[in-house]
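Have a look at the structure below before the remarks.
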Protein chains: 2
Amino acid sequence: MDSAQDAAEGYRPWSEVTPDAARRLLVAAVDAFAERGYHATTTRDIAGRAGMSPAALYIHYKTKEELLHRISRIGHDKALDILTTAADGPGCAAERLDAAVRSFVRWHAAHHTTARVVQYELDALAPEHRSEIVALRRQSDAAVRRILTEGVASGEFDVPDVAGTTLAVLSLCIDVARWFSAAGRRTPDEVGALYADLVLRMVGARPRPQK
Amino acid sequence: MDSAQDAAEGYRPWSEVTPDAARRLLVAAVDAFAERGYHATTTRDIAGRAGMSPAALYIHYKTKEELLHRISRIGHDKALDILTTAADGPGCAAERLDAAVRSFVRWHAAHHTTARVVQYELDALAPEHRSEIVALRRQSDAAVRRILTEGVASGEFDVPDVAGTTLAVLSLCIDVARWFSAAGRRTPDEVGALYADLVLRMVGARPRPQK
DNA sequence: AGGGAGGGTGAGCAAGCGCTTAGCGTTCTC
DNA sequence: GAGAACGCTAAGCGCTTGCTCACCCTCCCT
């Protein structure tokens with residue numbers, strides 16, 4: 001069901017993971033981690049979902065944690081790419097904020113299993129992997145903050161607390177991964193549109209500079 | 001550090017749990033679950049934090065899951081109490097929404113360890129316990145939705161999608177438990193004030209009826 | 001003083017965990 | 001067509017897990 005959306009975006013998930021068996025294992029791990037959590041997932045479960053014996057996992061990955069790290073890294077790269085593309089894109093601050101929130105939320109909804117692992121299993125990473133990922137997250141924060149700062153400077157936005165509002169905007173988007181269900185009534189596009197509107201209200205977006 | 005805030009609110013956490021040893025175990029479990037997650041926490045760790053032998057846990061609780069259930073139940077009761085108190089309180093819709101978000105967020109920040117367990121370990125509950133808790137959550141949702149509906153009816157709010165906005169407001173507040181750190185720069189009160197303002201903007205709160 | 005109840009411990013069981021190793025079949029190389 | 005390389009499996013090792021059990025200590029009641 002994600003594949004239609006992905007094809008439309010020209011985005012084929014996990015295509016960067018080779019060989020095929022390694023990708024199947026990784027996709028199985030994403031499903032298992034999202035469903036039961038990293039610690040509650042066994043390597044036997046992952047291998048089983050991929051249609052392999054438990055030992056097959058260790059041909060392609062040194063440890064279970066390496067699997068999580070790969071997932072987290074790829075997911076964070078994608079999330080950061082979405083945000084920086086919007087932040088550095090064309091249009092006024094309001095248009096870029098709309099695009100950022102809309103696409104970021106859409107990704108979290110459409111790929112909510114992946115996003116759940118990416119956003120909620122950070123603490124399960126080994127310390128050195130964790131700090132690598134945290135650096136990526138700081139870049140995401142910076143991208144959103146940049147849009148807000150520019151909007152305030154141009155007079156489009158009314159934001160008393162840029163740092164706090166940045167935090168809130170990202171938090172709002174990220175939490176979509178927790179509650180979104182494919183069985184629910186809303187499509188990723190609808191949630192993206194709703195959230196973009198809510199965020200523009202949060203920053204007090206006005207039509208254009210008014211000095 | 002929570003205790004000053006709690007005393008000010010006349011709220012002493014876990015006072016309903018007796019005897020003393022059972023409370024100590026429960027508090028230890030909250031810390032451990034919040035820090036490492038339910039599945040990654042061992043019963044030996046919980047007992048150790050409470051200064052007891054591993055077997056002592058099973059005098060007061062039948063299983064590790066019963067501990068989680070007790071924590072989740074007490075936490076959800078408190079959260080629901082906060083929201084319904086605000087929703088049924090005095091004042092116009094904007095004042096009640098402000099109070100609801102402010103106190104709900106303040107609780108999530110001040111008790112972020114408890115809140116983290118309450119909000120993010122739902123899936124670790126046994127099915128029958130899970131559905132009991134889900135029912136409480138639906139009541140929380142209803143309380144917020146009530147405020148929004150009344151605000152729209154009175155002309156105070158401009159909300160095109162009440163159900164979606166309710167979801168977003170709760171989501172925003174709940175996610176505070178994920179990112180809030182006592183070591184951070186913001187106090188629970190400050191975050192509560194910031195979020196109350198952001199939410200009032202989200203619902204397009206206007207001074208008063210304007211027909 | 002004696003007895004029972006409740007809170008606690010040390011040792012340990014069965015099961016399941018992450019991960020390893022010896023070996024098998026297939027494919028590619030020269 | 002021999003032999004290395006690769007992808008994979010069956011079996012299992014050492015360890016940790018949630019939980020149990022036999023026993024002990026300290027009260028309190030009579």
Side-chain angles (χ1 to χ4, degrees), chain A residues 14-72 117 121-130, chain B residues 14-72 117 121-130:
Chain A
W14 313 125
S15 58
E16 59 270 68
V17 181
T18 55
D20 183 69
R23 177 169 49 244
R24 270 160 47 218
L25 282 164
L26 191 130
V27 169
V30 169
D31 289 346
F33 291 163
E35 205 171 284
R36 313 148 77 100
Y38 174 79
H39 288 294
T41 299
T42 69
T43 54
R44 286 164 176 79
D45 182 24
I46 296 170
R49 285 175 192 243
M52 299 177 184
S53 76
L57 195 151
Y58 293 91
I59 295 160
H60 301 281
Y61 302 96
K62 273 213 293 284
T63 63
K64 177 176 139 183
E65 193 268 347
E66 186 191 330
L67 215 27
L68 176 64
H69 175 230
R70 283 268 236 282
I71 293 166
S72 195
V117 179
E121 300 289 356
L122 255 178
D123 290 339
L125 288 169
E128 69 273 23
H129 290 158
R130 213 187 100 92
Chain B
W14 313 125
S15 58
E16 60 269 66
V17 181
T18 54
D20 183 69
R23 176 169 49 244
R24 270 160 48 219
L25 283 165
L26 191 131
V27 169
V30 169
D31 289 346
F33 291 163
E35 206 172 282
R36 312 149 77 101
Y38 174 79
H39 288 294
T41 300
T42 69
T43 55
R44 284 165 176 79
D45 182 23
I46 298 169
R49 285 175 192 243
M52 302 178 184
S53 76
L57 195 151
Y58 293 91
I59 295 161
H60 301 281
Y61 302 95
K62 273 213 293 282
T63 64
K64 177 175 141 183
E65 193 269 347
E66 187 192 329
L67 256 175
L68 177 63
H69 176 230
R70 283 268 237 280
I71 293 165
S72 194
V117 179
E121 300 289 356
L122 255 178
D123 290 339
L125 289 168
E128 69 272 22
H129 291 157
R130 214 186 100 90

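Every chain is numbered from 1, with letters handed out A, B, ... down the list of sequences. Side chains are part of it too, since the values below use all heavy atoms of this structure and drop only hydrogens, waters and symmetry mates. Owing to the predicted nature of the structure, the values given are computational and were not obtained by experimental measurement.
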Nucleotide nearest B:Lys64 (side chain, heavy atoms from C-beta), chosen from D:dC8, D:dC19, C:dT9: D:dC19
CA sep, side-chain torsions, deciding dist, call: A:Thr63, A:Glu66, side chain to side chain contact (heavy atoms under 4.5 Å, CB included): CA-CA 5 Å; A:Thr63 63; A:Glu66 186 191 330; 3.8 Å; yes
Which atoms of nucleotides 10-16 of chain D (N or O only) lie under 3.5 Å from a protein N or O atom, and what are those distances?
none

Closest contact, heavy atoms only, B:Val30 versus B:Ile71: CG2-CD1, 3.6 Å
Distances under 3.5 Å between nitrogen or oxygen atoms of protein and nucleotides 24-27 of chain D:
none

Integer-rounded Å distance: C:dG8 P and B:Leu25 CG: 8 Å
Gap between atoms OH and C1', on B:Tyr61 and C:dG8 respectively (whole Å): 16 Å
Sidechain-backbone polar pair: A:Tyr38 side chain, A:Glu65 backbone, donor-acceptor under 3.5 Å: yes
Note, B:Asp123 side chain near B:Arg130 side chain (heavy atom, < 4.5 Å): yes
Distance in angstrom units between A:Arg36 CZ and C:dG16 C1', rounded: 13 Å
Rounded distance (nearest 0.5 Å) linking atom CG of B:Leu26 with atom NE2 of B:His60: 11.5 Å
Distance, rounded to the nearest Å, where A:Asp20 contributes CG and D:dC6 contributes P: 18 Å
Side chain of A:Thr43 (C-beta onward), nearest among C:dG8, C:dC19, D:dC19: C:dC19
Nearest-Å distance for atom pair NZ/P, residues B:Lys62 and D:dG18: 18 Å
Closest to side chain of B:Ile59, choosing from D:dC19, C:dT9, C:dC19: C:dT9
Nearest-angstrom distance from the residue atom OH of A:Tyr58 to P of C:dA22: 18 Å
Spacing of CH2 belonging to A:Trp14 relative to CZ belonging to A:Arg23, to within rounding of 0.5 Å: 11.5 Å
Point-to-point distance, once rounded to the nearest 0.5 Å, from NE2 of A:His69 to CG of A:Leu125: 7.0 Å
Under 3.5 Å donor-acceptor, A:Arg44 side chain and A:Pro54 backbone: no
Phosphate OP1/OP2 of C:dG8: any B:His60 side-chain N/O under 4.0 Å: yes
Length of the CG-C1' vector between B:Asp45 and D:dG18, whole Å: 14 Å
Close side-chain approach of B:Glu35 and B:Arg49, heavy atoms under 4.5 Å: yes
